[in-house]
Amino acid sequence: MQLIDKLTVLADAAKYDVSCASSGAPKRSSKGKSGLGATNGMGICHSFTPDGRCVALLKILLTNFCLYDCQYCVNRRSSDVPRARFTPEEVVTLTLDFYRRNCISGLFLSSGIIRSADYTMEQLIRVAKLLREEHQFRGYIHLKTIPDADPLLIAEAGRYADRLSVNIELPTETSLIRLAPEKQVGTIKQAMHSIHQGESEARAEKRAPRFAPAGQSTQMIVGADATDDSTILHTAQSLYGAYRLRRVYYSAFSPIPHSPKTVPFEAPPLLREHRLYQADFLLRGYGFQAGELLSGPGNLALDIDPKLAWALANREHFPVDLNRAEPSLIARVPGIGVLSAKRLVALRRHKRIRFEDVSRLRCALEKAKPFIVTHDYRPLQAGSESQVLRQQLSETPAQMALW
C-alpha cells in the first residue's frame, strides 16, 4: 500500500478520538538552536469532520488493525473496514513533511492493539523517540497510552511526549464489560495512576527529567450505552480528583457501518455533548460539584445551559448584590464568568458597581439581568417563577446539519 493510501485510511480512522487538544504544552522553539519545530499558544492546527467535530492534524493511527472487539469502535476486530499500518519511520517522515509545509504544529498518535499492549506501546514510543532524538523535533507530541502496557513503557513515553492520554471510553464498569470485554477499568485506572505518579515526581524534583508536562487527558463516549449525564459527570469528577487530569473529553457516539446490535443505530444529539462540555467547565473552573448540576439521575437540559439551570433551581441565592457578594457567588451568576467576577470585585474597591459597569464588561446581560442587583438596578423578574424565566431565557435546541 502506498504511503498516501495508508494516510487516507489511518487519518480517517483517528477522527473519532477527540482528546487531542494541546493546551498546557511548555514553550519550546528551535530558533537559534539545532533541530526544528516549536510549540506555541495556537497548539495544533485543526480541521473539522462533516458532523462538526474539531480534530487536529497530524492526527493519525499507527494502525487500525486491532486485537480487541470493542462494540462501539469502527476499528474493532470484527469490523470489515479497510486496514493499514504505518511503520514508525513512516510516521516520522509524515510528521516532518507536514510540519515543513506549515500544516501542523505537532503530532497526535494513537493505535489499535497489535501483537500485544507492550509491543504496540513500544512502537508508539519509537516514533516519539525518533522525532525527539534523531530529528531534534521540538513541536508538540501527544501519545495515546495503551492501558495494559508495562508501567516502565508508560514512564518512557512520558519522557518524550508533551501529553499522554488513556481513554476510559465508557463511564461505568458494567458498560465496559458489556461493550469492550477485553478492557478492564482496573488497568485503565492503573495506567492513569502511573502517569499521575510520573507527573508528581517530576514536579517534586526540579532536576528530574521532564514527564508529560502538558498532563494527561481521557475521553468518554456519550450515547453508546444508556448511561445518563449524572453518572458521566460524577465519573469525570472522580477522575479529576484522583488523577489530576487536565481534561475529560466527551464524544457523541457515531453510528458505524454494520454496527452490532449492542450499540444504538442513531447518534445522540450533539447538543448533549455540548452541554456536558459546559458542565465540565463548571466543574473545573467554577467550583461546582456534579451533584449540584444534577441532583439525581438524569440528563442535562438541552434548552438551557447547566449554569442557568442551576441558578433557576437555586433561586434562594439570587438576586446577587454585585457590591457585596463573594467573588465565587458572582461567578455563579448566569452570564458572568470568572474573569468578569474578578474585575467587578476589583472595581468595587474604587466605586459602587452600576449596571453600566456590568455592560462594559460584555457580560451576557440578558441572562444576568434577572439574577443581579447593582447600585442603580434591581431586577423586575426577581419574583418571577423559575419556569417563566426558563421560557424567557431558553434556547431552541435545534441541531442544523453542516453538510
Side-chain angles (χ1 to χ4, degrees), residues 1-20 47-53 55-88 90-91 94 108-121 123-124 127 144-149 165-170 174-184 187-188 219-227 249-268 270 273 401-403:
M1 184 180 287
Q2 296 295 315
L3 189 60
I4 187 62
D5 298 320
K6 293 182 181 181
L7 181 61
T8 300
V9 171
L10 296 174
D12 183 70
K15 70 184 179 184
Y16 298 99
D17 196 323
V18 299
S19 58
C20 59
S47 182
F48 292 88
T49 61
D51 60 0
R53 286 186 177 84
V55 295
L57 298 173
L58 178 63
K59 181 182 178 183
I60 54 175
L61 299 184
L62 184 69
T63 179
N64 64 342
F65 286 100
C66 193
L67 298 175
Y68 293 174
D69 200 33
C70 304
Q71 301 298 288
Y72 50 80
C73 183
V74 69
N75 301 311
R76 66 188 185 280
R77 182 179 65 239
S78 58
S79 178
D80 59 357
V81 296
R83 306 286 181 170
R85 178 181 174 182
F86 285 126
T87 65
E90 287 174 329
V91 176
L94 284 170
F108 173 89
L109 183 62
S110 183
S111 181
I113 311 299
I114 47 174
R115 294 194 190 179
S116 68
D118 284 353
Y119 175 78
T120 305
M121 197 71 228
Q123 296 296 293
L124 295 172
V127 172
K144 183 65 63 177
T145 306
I146 310 302
D148 292 319
S165 57
V166 188
N167 282 359
I168 196 166
E169 304 290 15
L170 297 170
T174 301
S175 292
L176 201 66
I177 291 171
R178 184 170 67 89
L179 298 179
E182 290 93 350
K183 292 185 176 181
Q184 298 179 355
T187 56
I188 293 172
Q219 170 178 286
M220 279 191 278
I221 299 171
V222 179
D225 62 352
T227 304
Y249 290 86
Y250 306 93
S251 177
F253 173 71
S254 296
I256 49 183
H258 312 297
S259 60
K261 294 180 180 180
T262 51
V263 294
F265 293 107
E266 293 185 4
L270 283 178
E273 177 189 296
L402 296 178
W403 300 89

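Predicted model, so just to flag it, every value in this text is computed and none were measured. Because only heavy atoms are used, hydrogens play no part in the values below, and waters and symmetry mates are left out as well, while side chains stay in.
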Find the distance between [atom1] ([X]) and [atom2] ([Y]) and round it off to the nearest 0.5 Å.
X: Met220; Y: Tyr250; atom1: CE; atom2: OH; result: 4.5 Å
X: Lys144; Y: Leu124; atom1: NZ; atom2: CG; result: 10.5 Å
X: Ile188; Y: Ile146; atom1: CD1; atom2: CD1; result: 11.0 Å

Query raised in the report: Given side chains that start at C-beta, do those of Leu61 and Asn75 come closer than 4.5 Å, heavy atoms only?
Result: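 They are in side-chain contact.
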Query raised in the report: Are any non-hydrogen side-chain atoms of Cys66 and Arg77 less than 4.5 angstrom apart?
Result: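 No, too far: nothing below the 4.5 Å cut-off.
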Once side chain to side chain contact (heavy atoms under 4.5 Å, CB included) is applied, do any residues pair with [X], and if so which ones, sequence neighbours excluded?
X: Ile177; answer: Glu173
X: Thr8; answer: none
X: Ala224; answer: Tyr72, Leu170, Ile221, Phe253
X: Thr262; answer: Gln71, Arg178, Leu179, Pro260

Nearest heavy atoms of [X] and [Y], plus distance in Å:
X: Leu67; Y: Glu182; value: O-OE2, 4.2 Å
X: Gly223; Y: Pro268; value: CA-CG, 4.0 Å
X: Glu90; Y: Phe86; value: OE1-CA, 3.4 Å
X: Val91; Y: Leu62; value: CG2-CD1, 3.8 Å

If only atom types and distance count, is the side chain of [X] paired as donor or acceptor with the main-chain N or O of [Y] below 3.5 Å?
X: Glu273; Y: Ala252; answer: yes
X: Asn64; Y: Asp12; answer: no
X: Thr145; Y: Pro147; answer: no
X: Arg83; Y: Thr63; answer: no

Requested in this report: Quick one: list whatever passes salt bridge (charged side-chain N to carboxylate O under 4.0 Å, His left out) with Asp5, sequence neighbours left out.
Outcome: none
Which residues pass the side chain to side chain donor-acceptor pair (under 3.5 Å) test with [X], sequence neighbours left out?
X: Lys183; value: none
X: Arg76; value: Ser78
X: Ser175; value: Thr172, Asp225
X: Gln184; value: none

Requested in this report: Please collect all side chain to side chain donor-acceptor pair (under 3.5 Å) contacts where either partner lies in residues 110-121, sequence neighbours excluded, each pair once.
Outcome: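 Qualifying pairs: Arg85-Tyr119.
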Query - Lys/Arg cation over aromatic Phe108: Lys59, 6.0 Å, 45° cone - result: yes
